[in-house]
J.: 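Got a structure here, written out as structure tokens. Questions coming.
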Amino acid sequence: MEHRDHNYYEANSADVNLEEITSSAKNAKNLQQLRDGDPRLIHLCLSNGDFLSDFCIGEGDDLGWLGYFIGKSEYLQSLDIDYLPDGEQQMHASSEGIARNQSIEHQHP
């Protein structure tokens, strides 16, 4: 996975095909809600396969885009991170974007 900076995501966010950067239709829907600024998405839970979670991280999920869209959300108030894949690049890709968020009041690792 190549390193992409915030400017890359900013320049491509409107045109990225969400189905191509996620592992499921459910994940794509959550990314779309984040990208579109849906005020109903106030809580998000990230896991590795729990069908009850909002975003099940699997092969094909681009965590850089996930972090970017979380970071841009103005409505997300709570973020539960039950799972992130191993690897420094994956952790950095998601955490860099998440750190930009100003609306999250509660985050549970």
J.: Supply the atom-to-atom distance Ser73 OG to Gln33 CD, rounded to the nearest 0.5 angstrom.
T.: 10.0 Å

J.: Please name all residues satisfying salt bridge (charged side-chain N to carboxylate O under 4.0 Å, His left out) with Asp82, sequence neighbours left out, ordered by chain then number.
T.: none

J.: Which distance, rounded to the nearest 0.5 Å, do you find between the CD1 of Ile70 and the OG of Ser94?
T.: 8.0 Å

J.: Identify the heavy atoms of Asp54 and Cys45 that sit nearest to each other, and give their distance.
T.: OD2-N, 2.8 Å

J.: A side-chain contact here means heavy atoms from C-beta on lying under 4.5 Å apart; do Ile57 and Pro85 qualify?
T.: yes

J.: As an exercise, state the distance from OG of Ser23 to CZ of Phe55, rounded to the nearest 0.5 Å.
T.: 6.5 Å

J.: For Leu46, run the side chain to side chain contact (heavy atoms under 4.5 Å, CB included) check against Leu63, Asn30, Asn27, Leu66 and tell me which one passes.
T.: Leu66

J.: Is it true that a side-chain atom of Asp36 and a backbone atom of Asp38 form a donor plus acceptor pair closer than 3.5 Å?
T.: no

J.: Say you draw a straight line from CD1 of Ile104 to NE2 of His43; how long is it, rounded to the nearest 0.5 Å?
T.: 10.5 Å

J.: Parallel, tilted or perpendicular, judged at 30° and 60°: which one describes the rings of Trp65 and Tyr68?
T.: perpendicular

J.: Is a salt bridge present between Asp62 and Arg4, judged by a nitrogen-to-oxygen distance below 4.0 Å?
T.: yes

J.: Less than 4.5 Å apart, any side-chain heavy atom of Phe69 and any of Ser13?
T.: yes

J.: Look up atom CG in Leu79 and atom CG in Asn101, then write down how far apart they are to the nearest 0.5 Å.
T.: 8.0 Å

J.: Within the structure provided, determine whether Asp80 and Gln107 are in side-chain contact (heavy-atom separation under 4.5 Å).
T.: no

J.: What are the two closest heavy atoms between Ala28 and Thr22, and how far apart are they?
T.: CB-OG1, 3.6 Å

J.: Rounded at 0.5 Å granularity, tell me how far CD in Glu105 sits from CD1 in Ile42.
T.: 9.5 Å

J.: Under a 4.5 Å cut-off applied to non-hydrogen side-chain atoms, are Val16 and Arg35 in contact?
T.: yes

J.: Looking only at the side chains, is there a donor atom on one of His106 and Ser78 sitting less than 3.5 Å from an acceptor on the other?
T.: no

J.: Hydrophobic cluster membership, with links at side-chain heavy-atom distances under 4.5 Å among I/L/V/M/F/W/Y: are Leu31 and Leu41 in one?
T.: yes

J.: Hydrophobic clusters here meaning ILVMFWY residues chained together by side-chain heavy-atom distances under 4.5 Å, can you tell me if Ile21 and Tyr9 are in one?
T.: yes

J.: Name all residues meeting the salt bridge (charged side-chain N to carboxylate O under 4.0 Å, His left out) criterion together with Glu10; count only those two or more places apart in sequence or in a different chain, and write none if there are none.
T.: Lys72

